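One structure is given below, encoded as C-alpha cells.
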Amino acid sequence: YPKEFRGPVREVNLKGEAFFEVQPNKQRPFIILSGQLETKVLGTSFNLTAYEGDEDVTVTLLEGAVSLKPAGEKNKSPTILHPNEQAVFEKENRSIRKEMVTDARKYLSRRNGIFRYEAARLEEVVQDMERQYGVKIQLDSSLVNREYYGTMNTEDELLVMLEKISLVMNAGWYGAGENTYRIKPK
C-alpha cells in the first residue's frame with residue numbers, strides 16, 4: 001500500500017490476513033483487492049483473510065458495512081455485510097456465501113495476537129501455526145478432522161503450542177526434519 005493515497009480511489013492489494021479500520025469517505029472509496037475478490041469499504045472495522053493457497057477468502061465484519069463482489073464483475077450486484085456477518089468467497093466458482101456469526105470479535109481477536117478456536121478442525125489450527133511460526137507441520141490423517149477448542153497466543157513459542165495440542169488431542173509430536181514437525185496419536 002502506498003504511504004499516501006492519491007487520486008479518486010484508496011486502493012490496496014492483500015495477500016494474507018489483515019485487520020482494517022477505515023474512515024468513510026464517499027469521494028475517495030477504500031477498495032481492497034484480494035485475488036479474485038474486491039472489497040469496498042463503507043467505513044468500518046473488519047478482518048479479511050486472503051491467503052494465496054486457500055480455496056476461500058473470508059471477510060468478518062465488526063462495525064459498519066462493506067460491499068463485496070468478484071473482481072472485474074462491474075455489472076454484478078454487490079453483497080453487503082453488516083455487523084456480526086461473515087462472507088466467504090469461494091475462489092473456484094467465484095460465489096459469495098454470507099452467514100451470521102455469534103460474535104465477530106472472536107474472529108477479530110487475531111489482530112491482537114490471539115487465535116480463538118471453537119470446534120475448529122485441527123487441520124485449520126495447524127495451518128495457522130504453520131503461517132505464524134514459518135514451519136511445516138505434518139498432521140496424522142486420523143487427527144485432521146478432530147475438533148479443537150482453545151486459543152493460540154502468537155507470543156507463545158511453537159513448542160508450547162505443540163505441547164498444548166498434543167495434550168488436548170492425546171497425541172505426541174516430534175521433529176521430522178528442518179523446520180518440520182509431525183503430530184500423531186499416542
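The structure presented is a predicted model; accordingly, all values stated were derived computationally and were not measured.
If you take CD on Q127 and CD on Q132, they are separated by 13.0 Å, rounding to the nearest 0.5 Å. Here the CZ atom belonging to F46 is positioned 10.5 Å from the OG1 atom belonging to T60, to the nearest 0.5 angstrom. The CG atom of L37 sits 12.0 Å away from the CD atom of E90 when rounded to the nearest 0.5 Å. Rounding to the nearest 0.5 Å gives a distance of 10.0 Å between CD of Q27 and CZ of R10. Rounding to the nearest 0.5 angstrom, the gap separating the CG atom in L162 from the CD atom in E157 is 11.0 Å. One distance of note links CD of Q36 with CD of E38; it measures 13.0 Å at 0.5 Å rounding.
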Go through V125 and M152 one step at a time and tell me if the side chain to side chain contact (heavy atoms under 4.5 Å, CB included) criterion holds. CA-CA 9 Å; V125 177; M152 178 172 68; 5.7 Å; no
Evaluation steps, side chain to side chain contact (heavy atoms under 4.5 Å, CB included), between V59 and Q86: CA-CA 6 Å; V59 179; Q86 182 177 73; over 6 Å; no
Take M129 and I165 through the side chain to side chain contact (heavy atoms under 4.5 Å, CB included) test and state the conclusion after the steps. CA-CA 11 Å; M129 291 172 62; I165 286 179; 3.3 Å; yes
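Under a cut-off of 6.0 angstrom, the local environment of NZ in K15 is sparse, with at most 12 non-hydrogen atoms contributed by other residues, nucleotides or ligands. Other residues, nucleotides and ligands contribute more than 12 heavy atoms inside 6.0 Å of the NZ atom of K164. With a 6.0 Å radius and a threshold of 12 heavy atoms from other residues, nucleotides or ligands, R116 has its CZ atom at or below the threshold.
Put simply, the side chain of R121 does not reach to within 4.5 Å of the side chain of E147, judged on heavy atoms. Side-chain contact between I31 and V41 is absent, with no heavy atoms from C-beta onward closer than 4.5 Å. Looking at heavy atoms from C-beta onward, V135 lies in side-chain contact with Y181 at the 4.5 angstrom threshold. Counting heavy atoms from C-beta outward, M169 and Y148 have side chains that approach closer than 4.5 Å. Counting heavy atoms from C-beta on, the side chains of K136 and N179 never come closer than 4.5 Å. Between T58 and L48 there is no side-chain heavy-atom pair separated by less than 4.5 Å. Using a 4.5 Å cut-off on side-chain heavy atoms (C-beta onward), I183 and L143 make contact.
Following chains of ILVMFWY side-chain contacts shorter than 4.5 Å, one cannot reach F89 starting from L42, and the two form parts of different hydrophobic clusters. With hydrophobic clusters built from ILVMFWY side chains whose heavy atoms lie under 4.5 angstrom apart, V168 shares a cluster with V126. No chain of hydrophobic side-chain contacts below 4.5 Å, direct or via other Ile, Leu, Val, Met, Phe, Trp or Tyr residues, connects V88 to L61. Note on L14: it does not cluster hydrophobically with Y51, by side-chain heavy-atom contacts below 4.5 Å among ILVMFWY residues. Hydrophobic clustering keeps L122 apart from V160 (ILVMFWY residues linked when any side-chain heavy atoms are closer than 4.5 Å, directly or through intermediates).
The two residues A50 and S34 make their nearest non-hydrogen contact at CB-CB, 3.5 Å. Closest approach of Y149 to E118, counting heavy atoms only: CD2-CA, 3.8 Å. Nearest heavy-atom pair, S166 versus W173, reported as atom, atom and distance to 0.1 Å: OG-CD1, 3.1 Å. Contact between I137 and E130 at its shortest, heavy atoms only, is N-OE2, 2.8 Å. Listed here is the closest heavy atom pair of E52 and K91: O-NZ, 3.3 Å. For F19 against S45, the heavy-atom pair with the smallest separation is CZ-CB, 3.8 Å.
Not counting sequence neighbours, the partners of V12 by the side-chain contact (heavy atoms from CB on, under 4.5 Å) test are Y1, F5, F20, F30, I32.
Of the N and O atoms on the side chains of E17 and N47, at least one donor lies less than 3.5 Å from an acceptor on the other residue. Of the N and O atoms on the side chains of S95 and N93, at least one donor lies less than 3.5 Å from an acceptor on the other residue. Side chains of Y117 and D128: a donor-acceptor N/O pair is present below 3.5 angstrom, by distance only.
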Listed pairs under 3.5 Å, donor-acceptor, residues 66-83 side chains, sequence neighbours left out:
{"from": "E73", "atom 1": "OE2", "to": "R94", "atom 2": "NE", "distance (Å)": "3.2"}
{"from": "E73", "atom 1": "OE2", "to": "R94", "atom 2": "NH2", "distance (Å)": "3.2"}

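The pair D54-R131 meets the salt-bridge criterion, since a charged nitrogen lies less than 4.0 angstrom from a carboxylate oxygen. The pair E99-R97 meets the salt-bridge criterion, with a side-chain N (NZ, NE, NH1 or NH2) lying under 4.0 Å from an Asp/Glu carboxylate O.
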